[in-house]
Protein chains: 2
Amino acid sequence: MSFDTAPPPDDTLGRRDRERLARRRAMLDAALGVFGDKGFDGATVDEIAERAEFGKGTLYNYFPGGKDELYLTLFEDVVVGNLHRVLDATLATASFATAGDVRAAYCTFVEGVFVNFETHRPQHMLFMRDGERMMLDPDKAAFFGDLFDRFVERVAAPLDAAIAAGLVRPLPSRPVAHLLMGTVRGYLIADDETRCLPKGRPKPSPFATPGEAASFITSVFFDGLLAQPAVPADPA
Amino acid sequence: MSFDTAPPPDDTLGRRDRERLARRRAMLDAALGVFGDKGFDGATVDEIAERAEFGKGTLYNYFPGGKDELYLTLFEDVVVGNLHRVLDATLATASFATAGDVRAAYCTFVEGVFVNFETHRPQHMLFMRDGERMMLDPDKAAFFGDLFDRFVERVAAPLDAAIAAGLVRPLPSRPVAHLLMGTVRGYLIADDETRCLPKGRPKPSPFATPGEAASFITSVFFDGLLAQPAVPADPA
DNA sequence: ACAAGACGTGACCCATCGGTCACGCGTGTT
DNA sequence: AACACGCGTGACCGATGGGTCACGTCTTGT
């Protein structure tokens with residue numbers, strides 16, 4: 001597991017500063033691993049320090065806020081950062097001429113989220129699992145709520161354009177975006193729940209690739225379940 | 001907060017047995033409150049015992065498995081029990097003649113879940129928040145996965161009928177049910193996340209009543225987002 | 001009325017863990 | 001080469017909380 005967030009090391013930085021940066025990264029990397037494996041409450045600062053191959057004191061030099069600071073930093077930089085980057089690479093750069101374009105753009109976006117999830121499962125499970133727990137603390141709740149809210153806003157923006165162009169039904173865009181993100185999240189959580197099933201029960205989500213799962217969700221979301229209108233699904 | 005799950009006290013039981021039952025209930029009730037307020041890790045057995053107005057030792061007499069046993073019992077009896085009862089009262093008794101029937105039945109079901117959620121927020125947050133954390137332990141993961149799986153199966157069954165009748169597109173029913181439950185869950189989680197928002201940001205989900213939220217989700221799910229087919233939404 | 005046992009009790013035990021701090025090594029400076 | 005200081009270090013501390021157990025009380029059966 002490794003970051004793909006940090007900006008390329010800036011050559012204008014002194015050696016000392018670069019070393020500091022590298023250590024910070026190593027520590028966050030280790031924290032990510034431990035948090036991912038054990039969850040927030042299950043993780044211990046000792047184990048993080050050990051995995052980072054530093055003394056616990058050193059860790060507190062770099063992150064005086066301790067466990068919480070590590071977690072929140074990780075969350076904002078890595079998890080939310082990843083999601084925004086997926087968004088940048090898909091929805092944010094899309095332009096719509098037809099309803100099929102909208103559908104395809106959101107499908108690509110959702111697929112991107114799933115791929116990102118596959119690649120960085122631990123940090124996302126961290127998000128899914130412990131983010132919600134943080135809601136119990138009002139300060140953290142505000143922090144998380146704000147991050148989520150900002151993200152939803154960016155997901156909603158292209159929808160507004162599509163609605164203005166008459167390509168999508170005039171539903172309120174923010175609730176739709178909210179629902180879409182909730183769906184993705186709920187799907188991933190529920191999927192994880194059935195990952196290690198007892199006996200030989202058939203998995204309820206038999207999608208082999210993120211692409212299949214994404215087009216399934218997109219199909220439901222954009223075309224609806226009903227047979228009546230027999231939507232001629234626009235090939236991307 | 002109080003149970004609405006326990007079967008009416010059986011008169012065939014001796015006084016001793018009825019007392020035991022009542023105490024169990026009081027303990028579970030207290031545990032539910034504390035877990036709901038503090039989360040699984042945040043809750044302490046002492047506080048549960050105190051709120052139940054019993055000694056800690058007594059609590060261990062009734063639940064030798066301690067904290068875990070309390071939590072798992074609670075989860076299965078209360079949370080999953082509630083959901084099954086909602087399902088019994090809605091989907092399980094519905095019969096479909098038209099596509100509108102299907103749509104209405106699932107809308108009622110989703111609304112039922114939302115209403116239940118409003119009424120029993122703590123236990124459901126317990127489910128949302130800490131259920132996922134339990135996945136880290138393989139044994140518990142099997143337990144939760146199985147419960148969820150069984151529930152999904154029941155949600156999927158009416159869909160099969162609707163598909164067989166040609167009312168719903170021939171999508172695989174279990175993944176659809178899986179997705180629907182994931183959506184509801186994701187919606188509720190995301191909604192909770194924005195419940196205590198900083199500043200005066202507009203809430204992304206402005207639905208005042210469970211009914212509105214449910215018909216919104218149903219509309220997206222059944223009619224799709226696209227404007228093209230202009231689905232004539234069947235009034236229930 | 002007395003004995004016996006069932007059951008509630010909370011003080012106690014000990015493991016765990018987040019966080020601290022006095023020490024000393026190594027680096028860079030004079 | 002000697003000195004000084006930044007910084008890494010891990011032993012240590014205090015709090016917390018899950019789980020136990022010897023004791024007392026209250027019911028029950030004789």
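Order of the sequence lines fixes the chain letters, A, B, ..., with proteins taken first and strands second; residue numbering starts at 1 for each chain.
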Trace of the salt bridge (Lys or Arg N to Asp or Glu O under 4.0 Å) decision for B:Lys38 with B:Glu47: CA-CA 10 Å; B:Lys38 310 282 183 75; B:Glu47 190 177 347; 2.8 Å; yes

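Within the structure, no pair that satisfies the ring-ring contact (aromatic ring centres under 6.0 Å, His included) test touches residues 47-68 of chain A, not counting sequence neighbours.
Atom C1' of nucleotide D:dG8 and atom CD of A:Glu50 are separated by 16 Å, given to the nearest angstrom. Atom-to-atom, OH of B:Tyr60 to P of D:dA22 comes out at 18 Å; the value is rounded to the nearest Å. Note: CD (B:Glu19) to C1' (D:dT28) measures 13 Å, nearest angstrom. One atom, CD of B:Glu47, and another, P of D:dT16, lie 13 Å apart when rounded to the nearest Å. Residue B:Phe63 contributes atom CZ, which lies 16 Å from atom C1' of D:dG19 at whole-angstrom precision. Between A:Ile48 atom CD1 and C:dC17 atom C1' there is a gap of 12 Å when expressed in whole angstrom units. One atom, NZ of A:Lys38, and another, P of C:dT16, lie 12 Å apart when rounded to the nearest Å. In this structure, CG of A:Leu70 is placed 13 Å from C1' of C:dG19, rounded to the nearest angstrom.
Between A:Pro64 and A:Gly42, the residue whose closest nucleotide on DNA chain C is further toward the 5' end is A:Gly42. For the pair A:Gly65 and B:Asp46, nearest-nucleotide mapping onto DNA chain C gives the more 5' position to B:Asp46.
A salt bridge does not link A:Asp29 with A:Arg51: every distance from a Lys NZ or Arg NE/NH1/NH2 to an Asp or Glu carboxylate oxygen is 4.0 Å or more. At a threshold of 4.0 Å, the pair A:Arg129-A:Asp41 does not count as salt-bridged, since none of the basic side-chain nitrogens sits closer than that to a carboxylate oxygen.
Side-chain N or O atoms of B:Tyr106 include none that pairs as donor or acceptor with a backbone N or O of B:Leu91 at under 3.5 Å. A donor-acceptor contact shorter than 3.5 Å links the side chain of B:Lys67 to the backbone of B:Ala43.
With sequence neighbours left out, A:Phe109 forms a ring pair (Phe, Tyr, Trp, His ring centres under 6.0 Å) with no residue at all. Residues that satisfy the side chain to side chain contact (heavy atoms under 4.5 Å, CB included) test with B:Asp130, not counting sequence neighbours, are A:Arg133, B:Phe40, B:Tyr71, B:Leu126, B:Arg133. In this view, A:Phe114 and A:Tyr187 satisfy the ring pair (Phe, Tyr, Trp, His ring centres under 6.0 Å) rule, not counting sequence neighbours.
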List every contact pair, protein side and nucleotides 8-11 of chain C side both N or O, where the distance is under 3.5 Å.
residue, atom, partner, partner atom, Å
C:dG8, OP1, B:Arg23, NH1, 2.9
C:dG8, OP1, B:Tyr62, OH, 2.7
C:dG8, OP2, B:Asn61, ND2, 3.4
C:dT9, OP2, B:Gly55, N, 2.8
C:dT9, OP2, B:Thr58, OG1, 2.8
C:dG10, N7, B:Gly57, N, 3.4
C:dG10, O6, B:Gly57, N, 3.3

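Between the two ends of the helix from C:dA1-D:dT30 to C:dT30-D:dA1, each summarised by a five-pair axis, the helix axis turns through 0° (rounded to 10 degrees).
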